[in-house]
Amino acid sequence: MLNKIKALLQEVEEMKAANAEELEALRIKYLSKKGEISALMNDFRHVAADQKREVGKYLNELKEKTQNRINELKEEFSNIQTVNDDIDLTRTAYPVPLGTRHPLSIVKKEICDIFGRLGFSIAEGPEIEDDWHVFSALNFADDHPARDMQDTFFIGHNPEILLRTHTSSVQVRVMEKQQPPIRIICPGRVYRHEAISYRAHCFFHQVEALYIDKDVSFADLKQALLFFAKEMFGPETKIRLRPSYFPFTEPSTEMDISCNLCGGKGCPFCKHTGWVEILGCGMVHPNVLDNCDIDSKVYSGYALGMGIERITNLKYQVKDLRLFSENDVRFLRQFESAN
Ligand code: DAH
C-alpha cells in the first residue's frame, strides 16, 4: 500500500491539465468519493497496526498535495480566462462624466474678470464675522435704524459674533491692513434672516468692489459702472443712477440698467419701466476711511456691491432663487454650454 501511495504522490506532482474539463476529470479520478484516495482510505483499516502510523502520514500527505495541486491548476485557468475573455485592452475607455460649473460660479467669474480688466484684484474674508467689520466700522451707529436694513443671524447669544450680511466687511479688513492705492473685488456668500421664497433666501452671494486712492471721484465710479454694464449685458446697455442711502457711502446711489429683455421698451420683467435695478454704490464715507486708519483728507474712493443671484437672473431669467441651492442636475445641466 505504501508503494501505491508513493507512486500516486509522484503522479500528482507531475499532474497537468490542458483545460477545465481535463482538470475536472483529474479531480474525479483522485478526490471524488469513488476516486483513488477514497479507495486507499477504505483500505487503510487493513493495514497492520505497526505500519498504520507511517502509512497514515503518507496518505494524509497525498490527500493534501492532490487538493493543493488541483487548486493551483484551477487558479491558472481562471487567470488565463479573465485575460482572454473579459478584458479587451484595445477598447477605448468609458467616458468620465464631467460636472458643469454652477451658474452662480459662471457669473461670479465673469464679474471678477470684467473688474480684473480694470485692474482690480480679488480679496476674500470670513463668513463668520464680528459686529465691527460688518456694521460699526462701516458707519452703522449702534442705534442706527440702518442696522434693521439687514436682518442678521447671530452666533449663539453673543451679539458681537454674526454671519456677515454683506461682503462690505471685506473692504474693512483690507483697508485695515493696507494703505491706498487699494483696488479690490470681493466675491462671497452672505447670510440674512429671511423667509425662504422664490425671491428671497437666507443665504446668497455678493460681489463688492472698492477703489481708494488720491483724487478718486464720482466720475471714476460712473465710468467703471458703465464699463461693467456694457461688458456684462452688451454694448447697447444704458445705465441710470438713482439717489439712495447706505451708511458707508456718501453720496449713495443705486444703479439701474436698461432692461435687457425688452431693450428698455417695457415688459413684465421690468414692470413696464424699461429699467432694472442691479447694484448699490457710492463714494466711501470719510468716517469709514478714518475707522480703518486711512486719512480721509488725503484719500477718497468709491465702493459698489451687487448680488450675484440678481445678475444671474437677469442674464439667464431664472425665476426661482431656490433653484440655485437645490442642486437639481436637470437645472444645472442647462448651463453646460455657458462653461
Ligand atoms: N452692502 C450693500 C448691501 O448689501 C451693497 C452695497 C451698496 C455695497 C453700496 C457697497 C455700496 O459697497 O457702496 O446691500
Side-chain angles (χ1 to χ4, degrees), residues 1-110 189 196 201 203 205 312 316-339:
M1 183 165 181
L2 202 52
N3 287 343
K4 168 100 181 148
I5 296 174
K6 283 185 179 164
L8 283 179
L9 265 171
Q10 185 72 26
E11 246 180 75
V12 163
E13 257 163 42
E14 289 159 10
M15 186 158 80
K16 284 201 182 71
N19 53 41
E21 285 91 65
E22 273 185 41
L23 183 64
E24 180 59 6
L26 288 172
R27 192 194 63 79
I28 292 169
K29 178 173 179 221
Y30 293 104
L31 290 174
S32 69
K33 271 196 190 138
K34 289 184 183 145
E36 305 257 16
I37 294 175
S38 291
L40 287 170
M41 292 285 199
N42 276 337
D43 292 346
F44 185 66
R45 18 187 188 119
H46 307 305
V47 172
D50 60 342
Q51 285 179 23
K52 267 203 157 77
R53 205 159 159 233
E54 201 189 355
V55 175
K57 201 180 99 204
Y58 276 99
L59 194 54
N60 277 338
E61 190 186 333
L62 173 66
K63 199 174 164 198
E64 210 172 288
K65 279 216 166 127
T66 314
Q67 188 64 63
N68 288 348
R69 182 74 189 131
I70 288 197
N71 287 346
E72 243 173 65
L73 290 170
K74 206 178 195 170
E75 220 157 85
E76 273 172 30
F77 281 135
S78 58
N79 285 345
I80 292 167
Q81 263 174 349
T82 32
V83 172
N84 283 346
D85 304 345
D86 295 347
I87 301 178
D88 174 3
L89 295 174
T90 62
R91 187 180 59 73
T92 47
Y94 290 115
V96 179
L98 285 181
T100 58
R101 255 187 238 274
H102 192 282
L104 294 178
S105 302
I106 296 170
V107 172
K108 175 180 88 176
K109 183 173 178 301
E110 217 174 323
R189 181 175 289 172
I196 297 171
H201 212 296
F203 64 79
H205 300 80
T312 312
Y316 297 110
Q317 286 92 52
V318 178
K319 299 236 165 55
D320 189 335
L321 262 183
R322 290 169 294 196
L323 286 165
F324 290 128
S325 49
E326 278 166 358
N327 281 338
D328 184 333
V329 287
R330 290 168 303 177
F331 169 70
L332 297 174
R333 280 216 186 99
Q334 295 177 66
F335 298 88
E336 241 162 11
S337 58
N339 273 283

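Only this structure's heavy atoms are used, side chains among them; waters, hydrogens and symmetry mates stay out.
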### Query
Taking atom CD of Glu14 as the centre, does the number of heavy atoms from other residues, nucleotides or ligands within less than 6.0 Å exceed 12?
yes
### Message
For Ser38, give me all partners under side-chain hydrogen bond (donor to acceptor under 3.5 Å, both in side chains), at least two apart in sequence or on another chain.
### Response
none
### Query
Would Arg69 and Glu72 pass as an ion pair if we require N to O under 4.0 Å?
yes
### Message
How close do Met15 and Leu73 get, counting heavy atoms only, and between which atoms?
### Response
O-CD1, 4.1 Å
### Task
Taking the side chain as every heavy atom from C-beta outward, state whether Lys29 and Glu11 have any atom pair closer than 4.5 Å.
yes
### Query
Taking C-beta and beyond as the side chain, do Ile106 and Tyr316 meet within less than 4.5 Å on heavy atoms?
yes
### Query
Near Lys52 NZ, under 6.0 Å, is it more than 12 heavy atoms from other residues, nucleotides or ligands?
yes
### Query
Are the side chains of Lys63 and Tyr30 in touch, meaning some heavy atoms are under 4.5 Å apart?
no
## Note on the structure
Closest heavy-atom pair, Val12 versus Leu62, reported as atoms and distance to 0.1 Å, is CG2-CD1, 4.1 Å
### Query
Side chains of Met1 and Ile5: closer than 4.5 Å at any heavy-atom pair?
yes
## Note on the structure
CD (Glu64) and CG (Leu9) are apart, to the nearest 0.5 Å, by 11.0 Å
## Note on the structure
Rounded to the nearest 0.5 angstrom, the CG-CG distance for Leu59 and Leu2 is 10.0 Å
### Query
Heavy-atom distance under 4.5 Å between the side chains of Asn327 and Leu332, does that happen here?
yes
### Query
Side chains of Lys108 and His102: does their closest heavy-atom pair fall under 4.5 Å?
no
### Gap between atom CD1 of Ile37 and atom CG of Asn42 - 0.5 Å precision
12.5 Å
### Task
Work out which heavy atom in Leu26 is nearest to a heavy atom in Lys16; give both atom names and the distance.
CD1-O, 3.5 Å
### Message
Are more than 12 heavy atoms, taken from residues, nucleotides or ligands other than Arg330, located less than 6.0 Å from that residue's CZ atom?
### Response
no
### Task
Using a cut-off of 6.0 Å, state whether more than 12 heavy atoms not belonging to Arg322 lie near its atom CZ.
yes
### Task
Take Leu323 and Asp328, measure what side-chain contact (heavy atoms from CB on, under 4.5 Å) needs, and give me the verdict at the end.
CA-CA 7 Å; Leu323 286 165; Asp328 184 333; 5.6 Å; no
### Query
Roughly how far, to the nearest 0.5 Å, is the CG atom of Asn60 from the NZ atom of Lys57?
10.5 Å
#### Entry: Results of side-chain hydrogen bond (donor to acceptor under 3.5 Å, both in side chains) for Thr92 - residues two or more places apart only
none
### Message
Using 30° and 60° as the class boundaries, would you call the ring planes of Phe331 and Phe335 parallel, tilted or perpendicular?
### Response
perpendicular
### Task
Kindly compute the distance separating CG (Asn71) from CD (Glu75), expressed to the nearest 0.5 Å.
7.5 Å
### Qualifying side-chain hydrogen bond (donor to acceptor under 3.5 Å, both in side chains) pairs with a residue from residues 18-28, counting only residues at least two apart or across chains
Glu24-Arg27
